Structures are given as C-alpha cells and as structure tokens.
Amino acid sequence: MKNSIGSNLQVTLFGESHGPVIGCVLDGLTPGIKIDEDFIRHQLSLRRPSGKISTARVEKDEFQIVSGEFNGYTTGTSLCLLIPNSAQHSKDYSKTASLARPGHADYTAECKYHGFQDYRGGGHFSGRLTAVVVAAGAIVIPALAKKGILIGSHIKSCGGIKDIDFAETDSSALTAQIKALNEKSFAVLDDSTATKMQAEIEKAASEGDSVGGVLETAISGLPAGLGEPWFDSFESLLSHALFSIPAVKGVQFGAGFDMVDGRGSEFNDSFRTDNGKVYTTTNHNGGINGGITNGMPVIFRCAVKPTPSIYKEQQTIDFKKNENADLIIEGRHDPAIIHRARVVADSVTALVVADVLLGRFGTDYFTTETK
C-alpha cells in the first residue's frame with residue numbers, strides 16, 4: 001500500500017476514518033519555515049462541514065505537531081502532524097460491513113486487502129484523511145506566498161449553476177480574486193451564485209440524493225521553467241496528486257476538452273514581451289507548454305462527482321456471501337463535498353508546487369531571497 005507522494009518534499013498519510021488519529025509525515029521541508037498554527041486552523045475550518053449542505057459529523061481537528069518543529073519553525077527533519085478523531089459513529093457501518101456501497105471503495109478494498117481493511121466510514125479510503133492534507137498544505141502555503149506564489153480555487157459549477165471565470169490574463173485582478181476566495185467558506189467569484197448553488201445542494205439533500213460539480217484552481221506567480229518534458233511534466237505531477245483526492249474523476253488544464261472542436265488559430269496563445277517580461281495574450285494552455293510552466297497563471301479544473309453516500313435504496317452485492325442485495329445507507333453524509341474539497345485542492349496543489357520548486361532551486365529555496 002503506497003501512501004506517499006513527492007520526490008523532494010515527500011508527504012506520507014496514515015490513519016483511518018474511525019481510528020484514534022489520522023496523520024501525515026512531511027520529509028524534505030526547508031529548515032526555517034515559520035509555522036503559523038492560526039493559519040492551519042483557518043484552512044481546516046474551510047474544510048469543516050457546516051449547515052444543511054454538509055454532513056452532521058463535525059470534528060474539532062485539534063492538530064498536534066509532534067516532530068520537525070522547534071520554536072515555531074521547521075527544523076528540516078521529518079515533520080509529523082496528528083489529528084485525533086473524536087466524532088465517530090462506528091455502529092452506523094456494522095450492519096452493512098459486507099455490502100458494497102455503490103460508488104465507494106468497499107468492494108475494491110475487499111479485493112486488495114482480503115477482509116483485513118477497516119471498513120468503518122471508508123477506513124483509509126475516507127475523505128476524512130483530507131484533513132491532514134489540508135494541514136500539511138497550510139505549512140507550505142504561507143512560504144509560497146512569501147515567494148509571490150498564490151493558489152486559490154472556486155466552485156466553477158455545481159448543480160447546474162455556473163460561476164464566472166478567473167481574470168487569468170490580468171495579474172492584479174487575479175491576485176485580488178485569489179485572496180478573496182481564500183477567505184470565503186463557500187468559494188465563488190460571483191457571490192450571487194452562492195445562494196443558487198446552495199439551494200441546489202439542499203434540494204438534493206431533501207430528496208436523499210447528492211450533487212457534484214467542477215472546481216477551478218489558479219496558481220499565480222510561478223516562474224517559467226518548472227516541470228519536465230515527459231513523465232514529470234507539470235501537468236503530470238499535479239494530476240497524479242489531484243486524482244488522489246476522493247471524488248475527483250477528471251482534470252483539465254486550460255481550455256482542455258474545449259479545444260478539441262476548435263482550431264489552432266483559436267487556441268494558440270500568442271507570445272508578447274513588455275519591458276523584458278514575456279507573457280501570452282490568452283491562456284488557453286493554462287500556463288504550461290511542453291509540460292513546463294511558461295510564467296502565465298496555471299489554470300486547471302477538477303471534476304468532482306456527486307457524493308456516493310445517498311439515502312435512496314440501491315442495488316449492490318454482499319461480497320462475503322457472494323449474492324445480490326439491496327442497500328439503504330445510514331449514518332451522516334454530505335449532499336455535496338465540492339465546497340469542502342476546494343481547500344483540499346488548494347493544499348494538494350501547494351504541496352506539489354513546493355516539491356517541484358525544491359527540486360528546481362534546492363532545499364533552502366523557501367528561506368533564500370528571490371532574485
């Protein structure tokens with residue numbers, strides 16, 4: 001079972017949804033990064049469920065850093081972060097332990113781990129583990145910001161309601177958008193769409209159902225030249241990590257699939273220069289050419305499927321008895337996770353960006369002055 005990602009900054013996850021703790025280990029952090037625990041709490045609050053559009057399971061997420069920190073700074077050795085689980089209702093899962101919940105990993109976990117897996121709340125497959133991903137990301141996001149690199153995501157669409165686009169060719173406007181998004185609990189660029197999206201989520205919940213949507217993420221301030229031409233392209237590294245987020249079923253960079261019915265004359269980004277600064281007049285390629293960043297904002301979208309835990313009767317199998325069965329899921333579940341997943345997307349992105357920067361510029365990148 002592989003639970004680690006990254007080459008220069010390696011992140012390892014551990015724990016289960018209903019176990020005593022979940023946690024992560026970060027190896028390769030620059031020594032001397034200031035750890036802002038209030039910012040970590042803020043980021044975790046953006047992931048935490050709230051109101052009718054989220055699950056009733058609310059964890060306090062009182063994290064503890066047990067190694068790799070001294071006097072408020074990273075030491076450069078392995079940083080281990082723990083978050084206790086305190087709001088489990090494990091009995092909700094005992095009656096359906098051998099029933100494969102549609103859209104979940106119950107059956108595939110059985111195939112891989114031969115019945116030894118912790119099935120409660122999805123065990124190690126659970127979105128609960130994204131809490132430690134968010135906490136890990138919150139350690140490097142301020143360090144990236146000091147280098148002028150900002151990351152932000154918004155709900156591009158949900159329940160058929162669409163938000164406006166990023167101002168990706170206007171750096172000052174994009175910066176303002178990202179900063180505003182990172183303070184919002186329901187991240188949209190046009191606030192008038194928030195109420196409409198939330199109404200669609202509540203409607204699905206009232207019907208025992210769920211909705212999905214599309215997250216759009218922007219990374220501004222990246223230098224040109226990050227990534228490799230082939231198997232470690234900037235898109236490849238990001239996609240590898242993004243597809244690890246539960247419920248993400250598609251990733252598109254720039255105009256992506258919108259390009260396929262167009263022509264090169266429509267989607268080529270023309271290069272220009274102004275006072276020595278190279279830029280493109282459009283950004284259909286999402287800030288990446290040949291797997292390498294070109295200095296424009298990196299823009300990508302993630303397709304987030306509807307939450308698979310719904311309260312309607314569904315057909316399934318009992319994989320212990322090897323027979324067909326019907327299932328009605330109990331417990332506490334989200335009618336949508338997209339509003340909680342956006343800070344997870346930001347955090348995963350930050351960890352990948354940090355990994356690539358450390359590989360390009362060296363271990364001490366985050367504590368050296370940018371030239």
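Source: prediction; values computed, not measured.
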Next item on the list: Could you please spell out the steps behind the side-chain hydrogen bond (donor to acceptor under 3.5 Å, both in side chains) verdict for T307 and D334?
Entry: CA-CA 7 Å; T307 317; D334 292 274; 6.0 Å; no

Check: From I164 CD1 over to D191 CG, what is the distance, rounded to the nearest 0.5 angstrom?
Finding: 9.0 Å

Margin query: Does E16 form a salt bridge (charged side-chain N to carboxylate O under 4.0 Å, His left out) with R128? I'd like the steps, not just the answer.
Written below: CA-CA 8 Å; E16 291 79 32; R128 172 69 185 138; over 6 Å; no

Check: Which distance, rounded to the nearest 0.5 Å, do you find between the NZ of K156 and the CG of D163?
Finding: 6.5 Å

Item checked: Heavy atoms of other groups near H240 NE2, more than 12 under 6.0 Å -> no

Notebook entry, point to check: Is there a path from L189 to M197 through hydrophobic residues (I, L, V, M, F, W, Y) whose side chains come within less than 4.5 Å of each other?
Noted result: no

Notebook entry, point to check: Going by heavy atoms in the side chains, are E183 and H42 under 4.5 Å from each other?
Noted result: yes

Check: Side chains of D27 and Q10: is there a donor and an acceptor less than 3.5 Å apart?
Finding: no

Notebook entry, point to check: Do you know which two heavy atoms are closest between Q252 and G256, and how far apart they sit?
Noted result: CG-CA, 3.3 Å

Check: Are side-chain heavy atoms of V251 and R301 found at a separation under 4.5 Å?
Finding: no

Next item on the list: May I ask you to check whether over 12 heavy atoms, not counting those of K184, lie within 6.0 Å of atom NZ?
Entry: yes

Notebook entry, point to check: Between the side chains of N3 and T12, does any donor sit under 3.5 Å from an acceptor?
Noted result: no

Checklist line | L79-I141 co-clustered via ILVMFWY side chain contacts under 4.5 Å | finding: no

Notebook entry, point to check: Does the pair F300 and L242 meet the rule for a side chain to side chain contact (heavy atoms under 4.5 Å, CB included), with working shown?
Noted result: CA-CA 10 Å; F300 60 86; L242 292 166; 3.4 Å; yes

Next item on the list: Apply the test side chain to side chain contact (heavy atoms under 4.5 Å, CB included) to residues L144 and L357: give CA-CA distance (whole Å), side-chain angles for both, the deciding distance (0.1 Å), then the verdict.
Entry: CA-CA 10 Å; L144 289 168; L357 287 167; 3.6 Å; yes

Note to self: Using a 6.0 Å cut-off, check whether atom CD of E323 has over 12 heavy atoms from anything other than its own residue.
What the structure shows: yes

Checklist line | Flag, side chain of T316 to backbone of A325, donor-acceptor distance under 3.5 Å | finding: no

Notebook entry, point to check: Is there a donor-acceptor pair closer than 3.5 Å between any side-chain N or O of N8 and the backbone N or O of D355?
Noted result: yes

Next item on the list: Find out if a path of hydrophobic residues (ILVMFWY) with successive side-chain heavy-atom gaps under 4.5 Å connects L150 to L46.
Entry: no

Notebook entry, point to check: So which of L9, V140, I219 actually passes side chain to side chain contact (heavy atoms under 4.5 Å, CB included) with V353?
Noted result: I219

Note to self: What I'd like to find out is whether the side chain of N182 reaches to under 4.5 Å of the side chain of D346, using heavy atoms alone.
What the structure shows: yes

Notebook entry, point to check: Could you give the distance from CD1 (I161) to OG (S157), rounded to the nearest 0.5 Å?
Noted result: 9.5 Å

Margin query: So does G295 get a backbone contact from the side chain of T293, meaning a donor-acceptor N/O pair under 3.5 Å?
Written below: no

Note to self: Check for me, please, whether L222 and I299 land in the same ILVMFWY cluster - side-chain distances under 4.5 Å, paths through other members count.
What the structure shows: no

Margin query: In terms of relative ring orientation, are Y107 and F319 parallel, tilted or perpendicular, with 30° and 60° separating the classes?
Written below: tilted

Note to self: Please tell me whether D170 and S172 have a donor and an acceptor in their side chains that are separated by less than 3.5 angstrom.
What the structure shows: yes

Item checked: Inter-residue atom distance I40.CD1 - S45.OG, 0.5 Å rounding -> 12.5 Å

Item checked: Shortest non-hydrogen contact from I33 toward I139 -> CG2-O, 3.9 Å

Check: Do the side chains of T281 and T169 get nearer than 4.5 Å, heavy atoms only?
Finding: no

Notebook entry, point to check: Does D106 use its side chain to pair, donor to acceptor, with the backbone of R101 at less than 3.5 Å?
Noted result: yes

Note to self: A quick test of your reading: do over 12 heavy atoms of other residues, nucleotides or ligands sit less than 6.0 Å from CG of N322?
What the structure shows: no

Next item on the list: Give the minimum heavy-atom separation between I310 and S210, together with the two atoms involved.
Entry: CG2-OG, 3.5 Å

Notebook entry, point to check: If you take all heavy atoms of L174 and A167, which pair is closest and at what distance?
Noted result: CB-O, 3.4 Å

Next item on the list: Please assess F125 against H104 for the test ring-ring contact (aromatic ring centres under 6.0 Å, His included), listing each intermediate value before the final yes or no.
Entry: CA-CA 9 Å; F125 295 87; H104 283 275; over 10 Å; no

Note to self: Would D269 and T282 count as a side-chain hydrogen bond (donor to acceptor under 3.5 Å, both in side chains) here? Give the steps.
What the structure shows: CA-CA 5 Å; D269 299 312; T282 56; 2.6 Å; yes

Checklist line | Crowding at CZ, F243 (>12 non-hydrogen neighbours, <6.0 Å) | finding: yes

Check: Under 3.5 Å, side chain of N283 to main-chain N/O of G287, donor-acceptor pair present?
Finding: yes

Note to self: With a 3.5 Å distance limit and no angle check, can you tell me whether T74 reaches the backbone of G76 through a side-chain donor-acceptor pair?
What the structure shows: no

Next item on the list: Give, for atom CZ of F166 and atom NE2 of H154, the distance between the pair rounded to the nearest 0.5 Å.
Entry: 4.5 Å

Checklist line | Same apolar cluster (I L V M F W Y, side chains within < 4.5 Å links), I22/I5 | finding: yes

Item checked: Under 3.5 Å donor-acceptor, R120 side chain and S17 backbone -> no

Check: With a distance cut-off below 6.0 Å to the six-membered ring centre and an angular limit of 45° from the axis, does K146 pair with F366 as a cation-pi contact?
Finding: no

Note to self: Can you confirm whether K305 is buried at NZ, in the sense that more than 12 heavy atoms of other residues, nucleotides or ligands lie under 6.0 Å from that atom?
What the structure shows: yes

Notebook entry, point to check: Roughly how far apart are Q314 CD and L99 CG, rounded to 0.5 Å?
Noted result: 11.0 Å

Checklist line | S206 (side chain) donor-acceptor with K203 (main chain) under 3.5 angstrom | finding: yes

Check: Where does the angle between the aromatic ring planes of F267 and H284 fall among parallel (under 30°), tilted (30 to 60°) and perpendicular (over 60°)?
Finding: perpendicular

Next item on the list: Check the pair S98, D318 against side-chain hydrogen bond (donor to acceptor under 3.5 Å, both in side chains), reporting the backbone distance first and the verdict last.
Entry: CA-CA 5 Å; S98 62; D318 185 317; 3.1 Å; yes

Margin query: Checking K277 against D274 for the salt bridge (charged side-chain N to carboxylate O under 4.0 Å, His left out) test, could you report, in this order, the C-alpha distance in whole Å, the side-chain angles of both residues, the deciding distance, and whether it holds?
Written below: CA-CA 5 Å; K277 179 177 175 57; D274 184 14; over 6 Å; no

Next item on the list: For the pair R47 and T130, evaluate side-chain hydrogen bond (donor to acceptor under 3.5 Å, both in side chains) and give the outcome as yes or no after the intermediate values.
Entry: CA-CA 9 Å; R47 180 200 163 276; T130 61; 2.8 Å; yes

Check: Which heavy atom of F63 sits nearest a heavy atom of I83, and at what distance?
Finding: CB-CG1, 3.8 Å

Margin query: Donor-acceptor check, side chain of T349 to backbone of A345, threshold 3.5 angstrom: yes or no?
Written below: yes

Next item on the list: Step through it carefully: locate the ring centre of H124, locate the ring centre of F14, and say whether they are under 6.0 Å apart.
Entry: no

Check: If every non-hydrogen atom of E110 is compared with every non-hydrogen atom of K320, which pair is closest and at what distance?
Finding: OE2-NZ, 3.1 Å

Check: Are any side-chain N or O atoms of D364 and backbone N or O atoms of T367, one a donor and one an acceptor, separated by less than 3.5 Å?
Finding: no

Check: Are any of the side-chain heavy atoms of S220 and I149 separated by less than 4.5 Å?
Finding: no

